[in-house]
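This report refers to the structure that appears directly beneath it.
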Amino acid sequence: MITLFYLCAMPDITKKVRVRFAPSPTGGLHLGGVRTVLFNYLFARKHGGDFILRIEDTDQSRYVEGAEQYILDCLAWCGLNPDEGPQNGGPFAPYRQSERKANYRVYAEQLVKDGYAYYAFDTPEELDAQRQITPNFRYGHENRGFLRNSLNLSAEETKSLLDQGTAHVIRIKVPADETVHFVDMIRGDVSFDTNLVDDKVLLKADGMPTYHLAVVVDDYLMKISHAFRGEEWLPSAPVHILLWEYLGWKADMPQWVHLPLILKPDGNGKLSKRDGDRLGFPVYAMNWTDPKTGETTRGFREMGYLPEAFVNMLALLGWNDGTEQEIFSMDELIEKFSIERVSKAGAKFDFEKAKWFNHEYIKKAEIADIKGQVLTILKEKGIQLADNEYFEKVLAAVKERMTFLQDFWEQASFFFEAPESFDINAVKPKWSDAKTEFFKELIQCYEAVIAEGAWESVNLENIFKSLAEEKNIKAGELMLPFRVMLVGGKFGPAVFDISVLIGKEETIKRINKALIAFTE
Ligand code: GLU
């Protein structure tokens, strides 16, 4: 048995660092995809390298209209813009593989010439027939000897079929009985038995390369130094390693970084869009509408996630800096990120934890940074804002209670509209005439607050408490009813702060209205 060794140092940054995200535009962008983008980006920034976006659209049958723009929009939303890509160009343009079609055939032909690949003329029907006859049929070393390909046909026959324009593909000739080794920067030494690898198609009948050929050719031509991708691509690695070798480029082969999967919350398998639908959380970065079915899948952005929180949450899916720290700014992530600290094991997705990140980021967000999106929510609710300053104060008062920006309305609607109903059950069982009296007098006391600047929290609280003392009722027993009067329910920021914000007239109006409801 011959063993091929491709050892890479860990990580070699003596070459100019050039990394790429290479998605196929086939639909929504899964959070695992965004994490691949993020790790690429952090590594490039940390080492002063380039981050490239390359669109792998050679499989026309899977191409989905709008998916490329959607990917670009997701990257822009996350603040992970590429240095080179289809949108901004770069020295290795074009960055869409369909526009690089002419590049690939010459390499496929060279592989045929050098004996590492061959023409295969089998029709889809012939292959189907083989699959019927041979269980677990694999186009590879066991079968290629009796199929219709240039390894079995004479040179003249092959030439004549090619001259006649007979439909054909080019396949890699994977050697039997060898082990392909490579060093993955996360997994260490990885090896594959070539007997289990089939002769993958490299160039299709339509002249387009398959992913396997295109990814290798473009990683080479674009001088990619480190190839980050999801663990699901690991089975394709032996084909790629062989191609790097057969094309004579192995000295330039990128270092491989197969990132751990993002798992379902229970750890049982890869997190899919269906799990999100089933368990009620998004899996895509942004809303994605399938152009064929018109079906929209919800994304983190539209759920009210802040991009910084999304990025921070993703960074910790499979990586940590070795301490307990969980909140990292982008600059900190760039400084601290290292491949050595990316775990081999899959990372369980925990939506509660994901919510916690967003909550933390909303708490510390500048009003200016979130008010645009919150204003859109208000507009949708039909609220016409007369006073921007009032809105900003309300947002400052409630943001620490919000997990998502969308929670604003639930947390703050009473600042814009008087409650239509009250949580009577929270108040009525303990209601008494003495309490009615208290609030009637409180109205008078509050009416009397007329001095400039006197309608403020501490003063209102003092008035409230002195009156309670005078009436011999515990202030604590009156606070909840007061809150329900102003808010409608048992939630919201500090009750005297609410009074200050909604103002004297509105406070008194709400107490009066609630008293009727409480005493009915
Ligand atoms: N085109 C592949 C994808 O859709 C890229 C895999 C790789 O990065 O090699 O994810």
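Remember, it's 1-based here, ligands and their atoms both numbered in the order they're listed. Any value given below was found using the heavy atoms of this structure, including those in side chains, with hydrogens, waters and symmetry copies removed. Start at 1 with the first residue, then count along the sequence.
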Under 3.5 Å, which donor-acceptor pairs link side chains of residues 299-307 to any protein atom two or more places apart or in another chain?
| residue | atom | partner | partner atom | Å |
| --- | --- | --- | --- | --- |
| Glu302 | OE1 | Asn287 | N | 2.7 |
| Glu302 | OE2 | Asn287 | N | 3.4 |
| Tyr305 | OH | Ala354 | O | 2.0 |

Let me have the donor-acceptor pairs involving side chains of residues 36-45, under 3.5 Å, with sequence neighbours excluded, atom names and distances please.
| residue | atom | partner | partner atom | Å |
| --- | --- | --- | --- | --- |
| Thr36 | OG1 | Gly32 | O | 3.1 |
| Asn40 | ND2 | Arg20 | O | 3.2 |
| Asn40 | ND2 | Thr36 | O | 3.1 |
| Arg45 | NH1 | Asp83 | OD2 | 3.4 |
| Arg45 | NH2 | Asp83 | OD1 | 2.8 |
| Arg45 | NH2 | Asp83 | OD2 | 3.4 |

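Ion pair Glu231/Lys270 not flagged as a salt bridge, since none of the NZ, NE, NH1 or NH2 atoms sits closer than 4.0 Å to an Asp/Glu carboxylate oxygen. The residues Arg96 and Asp57 are annotated as not salt-bridged, no charged nitrogen and carboxylate oxygen being separated by less than 4.0 angstrom.
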Would you mind writing out a table of all protein N or O atoms found under 3.5 Å from any N or O atom of ligand 1, naming both atoms and giving the distance to 0.1 Å?
| residue | atom | partner | partner atom | Å |
| --- | --- | --- | --- | --- |
| ligand 1 | 1 (N) | Ala22 | O | 2.8 |
| ligand 1 | 1 (N) | Ser24 | OG | 3.3 |
| ligand 1 | 1 (N) | Glu56 | OE1 | 2.7 |
| ligand 1 | 4 (O) | Ser24 | N | 3.3 |
| ligand 1 | 4 (O) | Ser24 | OG | 3.1 |
| ligand 1 | 8 (O) | Arg20 | NH1 | 2.7 |
| ligand 1 | 8 (O) | Arg20 | NH2 | 3.4 |
| ligand 1 | 9 (O) | Arg20 | NH2 | 3.1 |
| ligand 1 | 9 (O) | Tyr211 | OH | 2.7 |
| ligand 1 | 9 (O) | Arg229 | NH1 | 2.9 |

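For Asp73 and Gln69, the side-chain atoms include at least one donor-acceptor pair closer than 3.5 Å.
In this structure Glu352 satisfies the salt bridge (Lys or Arg N to Asp or Glu O under 4.0 Å) test together with Lys355, sequence neighbours excluded.
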